[in-house]
Number of protein chains: 2
Amino acid sequence: MKLEKFIQSVVDMPQSVLQEMCGYFKKVNLPKGTQILEQGQTCKKLYFIEKGLARSYYYNEKGKDVTVWFFSDNNLMVSVESFFQQKPSLYQMELLENSITYEISYDNLQKLFDRYHCVERFGRRVSIDLLTDLVDKLNAIQFQTAKERYAFLIDKYPDIAYRAPLGHIASYLGITQETLSRIRSEI
Amino acid sequence: MKLEKFIQSVVDMPQSVLQEMCGYFKKVNLPKGTQILEQGQTCKKLYFIEKGLARSYYYNEKGKDVTVWFFSDNNLMVSVESFFQQKPSLYQMELLENSITYEISYDNLQKLFDRYHCVERFGRRVSIDLLTDLVDKLNAIQFQTAKERYAFLIDKYPDIAYRAPLGHIASYLGITQETLSRIRSEI
DNA sequence: CTAATTTTTTGATATAGGTCAAAAGATTTA
DNA sequence: TAAATCTTTTGACCTATATCAAAAAATTAG
């Protein structure tokens, strides 16, 4: 099972805890287009995506739809601040493909955090990994041209580059879709 | 003691653990200009800044000095990925003011993580807080004009806006110093 | 299979903010 | 306190990318 492997790749834990933890995750197949979370709602569940694609996004002041993050195979999907601080989310989340996911509720995960030091460590490590990815993206965006940003995406997340719609990728990279379309046609 | 208060604001822990934890932190007064970490070095220490200002930065391909993050009073200062994953840092860190700091070594913090579930939780919470700040900054930079980015800084980190040199602030916001200078003169 | 809708491409034009250069102001050093 | 160094400001000019508009292509729905 991929979820088991994922957890073990992050932290080494006793087989019994691993089994208990996996037991709290419930397998759910969700169709493309499913809205996982609405703006203003508190994120109650954390998902592991076994196979699929999703994104978090929001509408800015001008009403433009801006993609914040993509989630794909073998990764966790969650609105971090909303879930961990149990406060209303600034972002929405939706599935871009039919997906096989495993979900765990906040309360159940909290129980596991309380009960097992190693699960708490899992949480810490996962957060730090996310943080690292985020710093990478920030640097890519902060001082690079549109072309370089797209190169960064292809290099780091090649699957997303060809699975996600162009408009979503463009806003994720902080450029317009017209510009991204022109960059693609150049290559 | 400010460090104690900071820890307690993040996680509630038994007085005994709090005391032991604080005991591992060593008070160090460091002068302005101190290089805390060089590019390529592995970050061995995590700092709590009681009073002072620092930044992390790197030189990009064009040799331009780019500020990644500021650290100031009552916050932790660390090169996150380098410290927690004990790998060479992409960034340098330096003090921008004479500072009062408390340092703890990676090994000692690791000991505390191993020994106390609540310290592990402290680590998780701190990471998530950082993550939240980072997401905020990313959004500010991704789709806002130079003026709006500066407004974001003033709103969110007013102390930095007037304590850090203009050039560092500009690169932190992903704009040139000339542009920031013009924005300031408009206000 | 066709119509309706959504996504992507292409073209023309405008502009925010970059680059380069040099002056003015501040801070540090001896 | 003068010289040296570093930081900020100002000006002129230029370019990458945004915006607006409309056609073309792809996808979805009836």
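In what follows, every chain begins at residue 1, and chains take the letters A, B, ... in the order their sequences are listed. Please read these numbers as outputs of a predicted model, since none were measured by experiment.
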Enquirer: If you draw a 6.0 Å radius around CG in B/Asn98, do more than 12 non-hydrogen atoms from other residues or ligands fall strictly inside?
Expert: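 Atom CG in B/Asn98 is crowded, with more than 12 foreign heavy atoms closer than 6.0 Å.
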
Enquirer: At under 4.0 Å between heavy atoms, how does the protein contact nucleotides 16-30 of chain D? Give one character per nucleotide, 5' to 3', with B, S or -.
Expert: -SSBB-------S--

Enquirer: Would you call B/Glu120 and A/Arg121 a salt bridge, using N to O less than 4.0 angstrom?
Expert: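 Looking at B/Glu120 and A/Arg121, the cut-off is met.
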
Enquirer: Starting at atom CZ of B/Arg163, determine the distance to atom P of D/dT7, rounded to an integer number of angstrom.
Expert: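 It works out to 18 Å between those atoms.
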
Enquirer: Decide whether A/Ser89 and A/Ser79 meet the rule of one side-chain donor and one side-chain acceptor closer than 3.5 Å.
Expert: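 A/Ser89 vs A/Ser79: donor-acceptor pair found between side chains.
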
Enquirer: Can you sort out the partners of A/Tyr91 under ring-ring contact (aromatic ring centres under 6.0 Å, His included), two or more places apart, ordered by chain and number?
Expert: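 Expected list: A/Tyr58.
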
Enquirer: First and last nucleotide of DNA chain C touching chain B, 5' to 3', heavy-atom cut-off 4.0 Å?
Expert: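 Boundary nucleotides touching chain B, in 5' to 3' order, are C/dG17 to C/dT28.
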
Enquirer: Are the side chains of B/Gln86 and B/Lys44 in touch, meaning some heavy atoms are under 4.5 Å apart?
Expert: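 SC-SC contact between B/Gln86 and B/Lys44 confirmed.
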
Enquirer: Under 4.0 Å between a Lys/Arg side-chain N and an Asp/Glu carboxylate O for A/Asp133 and A/Lys156?
Expert: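 Yes, charged N to carboxylate O under 4.0 Å.
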
Enquirer: Can a side-chain donor-acceptor contact be found between A/Glu20 and A/Tyr116 if the only test is distance below 3.5 angstrom?
Expert: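 Note: A/Tyr116 and A/Glu20 side chains meet the donor-acceptor criterion.
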
Enquirer: Counting C-beta onward and ignoring hydrogens, is there a side-chain heavy-atom pair between A/Gln19 and A/Glu4 closer than 4.5 Å?
Expert: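 The answer is yes, as the side chains (C-beta and beyond) meet within the 4.5 Å cut-off.
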
Enquirer: Using only side-chain N and O atoms of B/Ser181, determine if any of them is under 4.0 Å from OP1 or OP2 of D/dT8.
Expert: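 For B/Ser181, the contact criterion (side-chain N or O under 4.0 Å from OP1 or OP2 of D/dT8) is not met.
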
